[in-house]
Novice: 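My structure is below; once you've seen it, I'll send some questions.
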Amino acid sequence: MKLEAKDLEKIKEIAVECQAAAEVPFFLFAFKKEDTPQFEIKFVHPAHYDKICKDLFLFSVNPLMEKVYQTQKPEQSTNVLQGLKNLMDRMDIEGAVKEFAAKTIGVIPLVLEQDVAGFALFLSAQTSDRHLRLVNAFIAQMKFYLMSRAGQRQARDANSRARMFLEASPFAFFTIDTQGNHVYVSPGIEQLSGYSADEFLRGLVKPEKYIHEEDLQKFMKFYSEALSGQKGEVDFRLIRKDGNIIWVALYSKPLYDVEGKLVGVQAIERDITERKKAEMELETNIEKDQLRTEFMSLISHELRTPVTPIQGYTDMLVSEKVGPLNAQQKDCLHVIKSNSKRLLDLIDSVLDISRVEYGKPIEVKKEPVSLNGIISEVIDSVKFMYDQKQVKLELDLSPEIETIMADEAKLSRVIVNLAGNALKFTPKKGKVFIRTSKIGDDLQFEIEDSGIGIDKENLSKIFEKFYQVDSSYTREAGGIGMGLTIIKEIIEAHGGKVWAESEGLGKGSRFIFTIPLE
Ligand code: ADP
């Protein structure tokens, strides 16, 4: 930060006034040379001007001194140059005092914004109290001047920064008086609305002209509340001068004078079209998702309706309430029964798939249910298919676990799916093993098969949406790769975990899930 020419003039003025009052015989001002720590003498008391300026040009000096020195023993040496050099080179103030035969020396660093721009030095042969007070007053006056200059500069800088911000800002700033006249409009309004600040200031842009008719009422309400001193915010569609419509947000705050009287309103307006678009898109997506889910649940309900009596009548036939059956007929009915159960599962899966696909959580209704009851029902429904493929299904169920807190239908689907996969990926005459155990406060369910196995790389991927291991076996087996994704969602909705283990291809697989018992 540099002192300006008018600062130098002012400093000289103060010095000359003080000199006249205090009869300071000698003073000088040294100023920092640009980009160097050296100081250049810019002003010397006229009485010494010739002498000093002939021989002294630059000094290296530590200017951070601000002191008034007083000595009781004036000596008669008047080697001003030597004294000055001593002072500047070595900061030898006491020595300088002797050289100057001065009784008082004042040194003031001329500091602006923490930067030393120069220093003022003055000497006197007198040491009366009055004189000392005058020198001190000089220092105080000089400091006060420098401080106020720094303050003015800061205020000026802040002002120009604020103006730059207003001019470059994509926002528009307004000041409106209590009658509703625009008193100030920032240039940003032109970019925002197409109308110039001047058009607003001259009252040429009426709300009816630039506010969308559907938002006009809301805007006028906001406007009259703002003019009555309320702080607020409003969103509305603004019709630009070129006819394009944008969304803007307007924020306003009352403006008071020093006596606390309402004198107007300050407001900021900004373009929020992008945000509004994103919000509207989100709303439409939510609406679409809702429609889709409603449609899916309607369809699944419609599909379920005819399956329920098929199951009921099959049960009635199997129970032989309407007549005895031979073994072959019973087998046929079991096929119908297990397939109609499978159809219901598929219908539920379709609903879950659509939920999972649109990022909606699967809902579970936890109730106390018998785990072994669910497992034996699942086995009943798949047994026929296992028998057909001659895959042996063995159980090892923990006697420790009776009821658990779970959604019966959903948990049953998890187990049906895992048992179905185990069968699907196990060649004829293989083995599947179901085991349950209590681990801490959790149920652990395992289903192990002697099937095709899964390589390490695919162990976690198979839980991703629509992921199927690329093999001829998978292709032949069919499916869409959503079963395990839904299983994972259901288990996690129960507060549990599911994962797969396998020693590698051809070495069978093990699927394990845990869920809290309570
Ligand atoms: P889908 O059975 O419809 O393909 P899943 O999500 O149930 O879908 O399974 C995804 C993939 O995980 C299957 O395509 C298969 O590659 C693999 N997989 C699942 N269960 C087993 C298993 N028991 N043994 C070997 N691979 C399996």
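All of these numbers come straight from a predicted model, not from anything done at the bench. We number each residue from 1, following the sequence as shown. Counting starts at 1 for both ligands and their atoms, in listed order.
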Novice: Walk me through whether Phe200 and Tyr210 qualify under ring-ring contact (aromatic ring centres under 6.0 Å, His included).
Specialist: CA-CA 11 Å; Phe200 274 92; Tyr210 79 100; 5.5 Å; yes
Novice: Have a look at ligand 1 and work out which part of Leu484, if any, has a heavy atom under 4.0 Å from it: side chain, backbone, both or neither.
Specialist: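 It is both backbone and side chain that touch ligand 1.
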Novice: Which of the numbered atoms in ligand 1 are under 4.0 angstrom from any heavy atom belonging to Tyr467?
Specialist: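 Heavy-atom distances to Tyr467 below 4.0 Å select 10 (C), 11 (C).
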Novice: With backbone taken as N, CA, C and O and side chain as the heavy atoms from C-beta onward, which portion of Asp449 lies under 4.0 Å from ligand 1: side chain, backbone, both, or neither?
Specialist: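 Contact part for Asp449 vs ligand 1: side chain (C-beta onward).
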Novice: Considering the heavy atoms of Gly481, write down every atom of ligand 1 situated less than 4.0 Å from one of them.
Specialist: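 What qualifies from ligand 1 is 1 (P), 3 (O), 4 (O), 6 (O), 8 (O).
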Novice: So, regarding Ile454 and ligand 1 (criterion: nitrogen or oxygen to nitrogen or oxygen, under 3.5 Å), is there a contact or not?
Specialist: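 It does not: no N or O of Ile454 is found under 3.5 Å from an N or O of ligand 1.
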Novice: Just distances here: any N/O of Lys424 and N/O of ligand 1 closer than 3.5 Å?
Specialist: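 N/O-N/O distance below 3.5 Å exists for this pair.
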Novice: Is ligand 1 less than 4.0 angstrom away from at least one heavy atom of Phe463?
Specialist: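 Phe463 does not count as a contact of ligand 1 under the 4.0 Å cut-off.
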Novice: State the atoms of ligand 1, each with its element, that fall below the 4.0 Å cut-off from a heavy-atom position in Asn421.
Specialist: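 Listed by number with element, the hits are 2 (O), 7 (O), 19 (C), 20 (N), 23 (N).
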Novice: N/O to N/O below 3.5 Å, does that happen between Ile452 and ligand 1?
Specialist: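 It does not: no N or O of Ile452 is found under 3.5 Å from an N or O of ligand 1.
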Novice: Closer than 4.0 angstrom: is that true for some heavy atom of Gly451 and an atom of ligand 1?
Specialist: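 So Gly451 does not count as touching ligand 1.
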Novice: Under a 4.0 Å threshold between the charged nitrogen and the carboxylate oxygen, would Lys461 count as salt-bridged to Glu457?
Specialist: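 A salt bridge links Glu457 with Lys461.
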Novice: Determine whether His212 and Phe236 satisfy the following criterion, ring-ring contact (aromatic ring centres under 6.0 Å, His included), listing intermediate values before the conclusion.
Specialist: CA-CA 7 Å; His212 192 284; Phe236 60 88; over 10 Å; no
Novice: How would you list, by chain and number, every residue that makes a side chain to side chain donor-acceptor pair (under 3.5 Å) with Glu446, sequence neighbours excluded?
Specialist: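 For Glu446 the side chain to side chain donor-acceptor pair (under 3.5 Å) partners, ignoring immediate neighbours, are Arg435, Gln444.
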Novice: Could you tell me which atoms of ligand 1, counted from 1 in the order shown, lie closer than 4.0 angstrom to a heavy atom of Ser509?
Specialist: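 Those qualifying, in numeric order: 22 (C), 24 (N), 25 (C).
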Novice: So for atom CD, which belongs to Glu233, do other residues, nucleotides or ligands contribute more than 12 heavy atoms lying within a distance under 6.0 Å?
Specialist: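 Atom CD in Glu233 is crowded, with more than 12 foreign heavy atoms closer than 6.0 Å.
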Novice: Under 3.5 Å between some N or O of ligand 1 and some N or O of Phe511?
Specialist: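 Such a contact does not occur with ligand 1.
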Novice: Determine whether more than 12 heavy atoms belonging to other residues, nucleotides or ligands lie under 6.0 Å from atom OH of Tyr256.
Specialist: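 It does: Tyr256 OH has more than 12 such atoms within range.
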Novice: Regarding Asp442 and Lys438, does a basic nitrogen lie under 4.0 Å from an acidic carboxylate oxygen?
Specialist: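 No, no charged N to carboxylate O under 4.0 Å.
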Novice: Report yes or no: does Thr436 contribute a side-chain atom to a donor-acceptor pair with the main-chain N or O of Ser398 at less than 3.5 Å?
Specialist: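 Checking the backbone N and O of Ser398 against the side chain of Thr436, a donor-acceptor pair under 3.5 Å is found.
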